[in-house]
Amino acid sequence: QVQLVESGGGLVQPGGSLRLSCAASGLFFNNFAMGWFRQAPGKEREFVAGITRTGEMRKYADSVKGRFTISRDNAKDTLYLQIVSLKPEDTAVYYCAARRDYSGSYYQRQSDYDYWGQGTQVTVSS
């Protein structure tokens with residue numbers, strides 16, 4: 001059974017940093033493009049960042065460029081999201097997602113992804 005398990009969320013002050021992790025199991029990780037999405041209170045789930053199978057290319061939403069870094073360690077079957085300079089607007093449940101991929105592309109649409117994690121809460125508040 002495929003499982004994606006996020007961790008690393010928590011309560012932080014504005015300007016703080018977090019590193020989120022997504023541990024994958026039950027799939028051949030190297031054959032999957034990966035992504036991060038988030039859903040803030042009262043809003044729809046939105047794309048945050050995507051990464052290709054080998055990490056050669058990365059894509060970020062405009063709202064997080066320069067502050068968020070997506071990466072992956074294929075030897076550990078793990079996806080990461082490093083976040084700096086957190087803002088209250090970053091408060092959301094963060095989800096990782098996996099898409100079986102044969103082209104080496106990254107993906108931005110929710111419908112592109114095959115599997116989802118349960119989410120981890122990030123709260124940015126003074």
Side-chain angles (χ1 to χ4, degrees):
Q1 182 178 347
V2 173
Q3 283 193 301
L4 302 174
V5 181
E6 301 96 333
S7 61
L11 174 63
V12 296
Q13 295 186 14
S17 300
L18 282 174
R19 189 178 77 159
L20 308 184
S21 298
C22 173
S25 61
L27 78 172
F28 189 53
F29 191 64
N30 291 11
N31 286 347
F32 285 79
M34 302 293 294
W36 287 99
F37 292 77
R38 67 185 182 185
Q39 187 166 23
K43 295 187 176 182
E44 296 186 357
R45 187 158 56 184
E46 64 176 349
F47 172 78
V48 174
I51 190 168
T52 58
R53 292 164 58 187
T54 62
E56 294 177 338
M57 293 183 289
R58 298 168 173 83
K59 176 68 176 181
Y60 299 94
D62 289 342
S63 59
V64 306
K65 286 181 180 177
R67 300 187 300 116
F68 287 33
T69 302
I70 187 172
S71 62
R72 64 192 295 163
D73 187 340
N74 285 0
K76 297 181 178 179
D77 291 355
T78 303
L79 176 74
Y80 301 99
L81 187 68
Q82 181 70 48
I83 312 173
V84 299
S85 301
L86 277 158
K87 304 175 180 179
E89 308 93 88
D90 296 320
T91 295
V93 177
Y94 284 72
Y95 299 89
C96 68
R99 185 197 199 275
R100 186 177 292 104
D101 182 56
Y102 306 102
S103 67
S105 302
Y106 57 77
Y107 300 91
Q108 302 177 74
R109 297 175 298 175
Q110 294 182 59
S111 60
D112 287 331
Y113 288 88
D114 301 307
Y115 302 104
W116 293 83
Q118 83 290 343
T120 185
Q121 177 71 50
V122 172
T123 302
V124 185
S125 177
S126 299

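The shown structure was predicted, so the numbers you read here are calculated from the model rather than taken from an experiment.
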**Prompt:** Would Asp62 and Lys65 satisfy salt bridge (charged side-chain N to carboxylate O under 4.0 Å, His left out), going step by step from the backbone distance to the final call?
**Reply:** CA-CA 5 Å; Asp62 289 342; Lys65 286 181 180 177; 3.1 Å; yes
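- The shortest non-hydrogen separation linking Ala24 to Leu4 is CB-CD2, 3.6 Å.
- Nearest heavy-atom pair across Val64 and Tyr60 is CG2-CB, 4.1 Å.
- Cluster annotation: Val124 is connected to Val48 through the hydrophobic network of ILVMFWY side chains, with a link wherever side-chain heavy atoms come within less than 4.5 Å.
- Between Leu86 and Ile83 the shortest heavy-atom distance is CD2-CG2, 3.4 Å.
- By the 4.5 Å heavy-atom criterion applied to side chains, Thr120 and Ser7 are not counted as neighbours.
- Contact annotation: the side chain of Ser17 never approaches that of Val12 to less than 4.5 Å [non-hydrogen atoms, C-beta and beyond].
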**Message:** Before you tell me yes or no, could you show the steps for Leu11 and Ser125 under side chain to side chain contact (heavy atoms under 4.5 Å, CB included), namely the whole-Å CA-CA distance, both residues' side-chain angles and the distance that decides it to 0.1 Å?
**Reply:** CA-CA 7 Å; Leu11 174 63; Ser125 177; 4.3 Å; yes
**Message:** Go through it in stages, so that I can follow the logic: the residues are Arg72 and Thr54, the test is side chain to side chain contact (heavy atoms under 4.5 Å, CB included), and I'd like the CA-CA distance, side-chain angles, deciding distance and then a yes or no.
**Reply:** CA-CA 8 Å; Arg72 64 192 295 163; Thr54 62; over 6 Å; no
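- Between the side chain of Trp36 and the backbone N or O of Tyr80 there is at least one donor-acceptor pair closer than 3.5 Å.
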**Prompt:** Do Gln118 and Val5 pass the side chain to side chain contact (heavy atoms under 4.5 Å, CB included) test, and can you show the C-alpha distance, the side-chain angles, and the key distance before you say yes or no?
**Reply:** CA-CA 7 Å; Gln118 83 290 343; Val5 181; 4.2 Å; yes
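- With hydrogens and angles ignored, the 3.5 Å screen pairs a side-chain donor or acceptor of Arg53 with a backbone N or O of Asn30.
- A pairwise comparison of heavy atoms in Leu27 and Ala98 identifies CD1-CB, 4.2 Å as the closest pair.
- Note: the hydrophobic cluster containing Trp116 does not contain Leu79 (ILVMFWY, side chain heavy atoms under 4.5 Å, direct or indirect links).
- Looking only at side-chain heavy atoms (C-beta outward), Thr91 and Gln121 come within less than 4.5 Å of each other.
- For the residue pair Asp101 and Ser103, a side-chain donor N or O sits within less than 3.5 Å of a side-chain acceptor on the partner.
- Nearest approach of Asp90 to Arg67, heavy atoms of both residues: OD2-NH1, 2.7 Å.
- A 4.5 Å side-chain heavy-atom check between Val122 and Arg38 finds every atom pair outside the cut-off.
- The aromatic rings of Phe37 and Tyr113 lie perpendicular to each other, with more than 60° between the two planes, well past the 30° mark.
- Cluster membership for Tyr95 and Ile51, using ILVMFWY side-chain heavy atoms within less than 4.5 angstrom, is not shared.
- At least one side-chain heavy atom of Tyr115 sits under 4.5 Å from a side-chain heavy atom of Arg100.
- Here CZ of Phe32 is found 11.0 Å from CG of Asp77. Values are rounded to the nearest 0.5 Å.
- For the pair Phe29/Met34, a side-chain contact is recorded, criterion being any heavy-atom separation below 4.5 Å from C-beta on.
- Put simply, the side chain of Arg58 does not reach to within 4.5 Å of the side chain of Tyr106, judged on heavy atoms.
- Counting heavy atoms from C-beta outward, Tyr102 and Asn31 have side chains that stay 4.5 Å or more apart.
- In terms of modelled atom types and a separation under 3.5 Å, the side chain of Glu6 and the main chain of Cys96 share a donor-acceptor contact.
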